[in-house]
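In what follows, every heavy atom counts, from backbone to side chain, and hydrogens, waters and symmetry copies are set aside.
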Amino acid sequence: MSIVELARENVRNLTPYQSARRLGGNGDVWLNANEYPTPVEFQLTAQTLNRYPECQPKLVIERYAQYAGVKPEQVLVSRGADEGIELLIRAFCEPGKDAVLYCPPTYGMYSVSAETIGVECRTVQAIDGWQLDLPAIAEKLVGVKVVFVCSPNNPTGQLINPQDIRVLLEMTRGKAIVVADEAYIEFCPQATLAGWLEEYPNLVVLRTLSKAFALAGLRCGFTLANEEIIGLLLKVIAPYPLSTPVADIAAQALSPQGIVAMRERVAEILVNRQFLIAELEKLACVEEVFGSETNYVLARITTSSAVFKSLWDQGIILRDQNKQPTLSNCLRITVGTREECQRVIDALQEQPGLAATE
């Protein structure tokens, strides 16, 4: 028997999540991972690296709770929101018995985490405007323990109708938890569901420092939920999920000054997003630019695969969404600096036969 054959069957059959870095590329304009485009400086102040860190660093928890408007007991910090996804599935789903449900097109780690653990994945295709198909979801809920809803949705960029999420929470009350993935909520803070935690004991909210806080390389995320759920997650989380340097920098990012700086970055990105959308809409090759509440824009582009390859060869790395349901000919473009946005527009204008409209 080969070493590969010794592995679990579901792992052998698993298609791994194709992260931006795993896909590669040799670019100088990286607009495929929804990162903040320039580095933000932090100083490492913690020197107690000879000691193990706290499992849940007190200052980080307190500052995030204050920022999110929840109690410290309702916050868990982890290695990115991706670890939060995995912890929720591990805590609530029995492999080979229970299922998770999500509505494509959406973030790919829900399925990868579930499949890795051996938990069934059920999907309900999103309907017009990539909203929830509530009747179809209701028909598939038997045996489902976790429902993932990404809002704003990645890669489409729109918010999920909050009234539909309320209906879903009532539909699943006492039967399943609903996980609202708010990785991009800083770009539309008025839409957060964090204030609903008291009303819905089965609600979980995922957050991250990777986007608006410009700390994708830090790998620091948060799970917001009621104390019962947080208590369960603390049973299955690693003993030391955050290294001392990560906790140190996260606490700085969540200081009053750090939050002010984050909001200034968001304002800058929103201005650049408006510019990018306006310029894309002038191009003959762009069939449609979809509305966005995030730091990226989804556009349907004529001969998108050829365009994607042409820009790739020029060092402009975008994210091809052609394989996602309903996203044929769609490319996702992270909102970068003004100069990076202009590089994309210039490159699209230079495509053979794809000149700008008058």
Worksheet item: What's the verdict on side chain to side chain contact (heavy atoms under 4.5 Å, CB included) for I345 and L276, showing C-alpha distance, side-chain angles and the deciding distance?
Response: CA-CA 8 Å; I345 299 302; L276 178 62; 4.1 Å; yes
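- Taking the side chain as every heavy atom from C-beta outward, F213 and L218 never approach each other to under 4.5 Å.
- For the pair I229/F92, a side-chain contact is recorded, criterion being any heavy-atom separation below 4.5 Å from C-beta on.
- A heavy-atom distance below 4.5 Å is found between the side chains of W130 and F290.
- Ring-centre distance between F222 and Y67: not below the 6.0 Å cut-off.
- In this structure the side chain of Y102 never reaches within 4.5 angstrom of the side chain of V147, judged on heavy atoms.
- Figure legend: R207 and Y64 shown without cation-pi pairing, the cationic atom not lying both under 6.0 angstrom from the six-membered ring centre and within 45 degrees of its axis.
- Remark: of the listed residues R122, K175, K145, K145 is the sole one forming a salt bridge (charged side-chain N to carboxylate O under 4.0 Å, His left out) with D98.
- The environment of Q43 atom CD is sparse: at most 12 non-hydrogen atoms of other residues, nucleotides or ligands sit within 6.0 angstrom.
- The shortest non-hydrogen separation linking P104 to T123 is CD-CB, 3.7 Å.
- With a 6.0 Å cutoff to the six-membered ring centre and a 45° limit on the axis angle, R332 counts as a cation-pi contact of Y296.
- Grouping the Ile, Leu, Val, Met, Phe, Trp and Tyr side chains by contacts below 4.5 angstrom, directly or via other members, places M171 with I160.
- With hydrophobic clusters built from ILVMFWY side chains whose heavy atoms lie under 4.5 angstrom apart, F275 does not share a cluster with L348.
- For the 3.5 Å distance criterion, the side chains of T244 and R51 fail to qualify, holding no donor opposite an acceptor.
- If you chain together hydrophobic residues whose side chains sit under 4.5 Å apart, I127 and V149 never meet in one group.
- Classification of R166 and E199 as a salt-bridged pair holds, one side-chain N sitting under 4.0 Å from a carboxylate O.
- In this pair, Y107 and Y110 present their aromatic rings perpendicular. The plane angle is above 60°, beyond the 30 to 60° band.
- When side chains are defined from C-beta on, L232 does not count as touching E228, because their heavy atoms never get closer than 4.5 Å.
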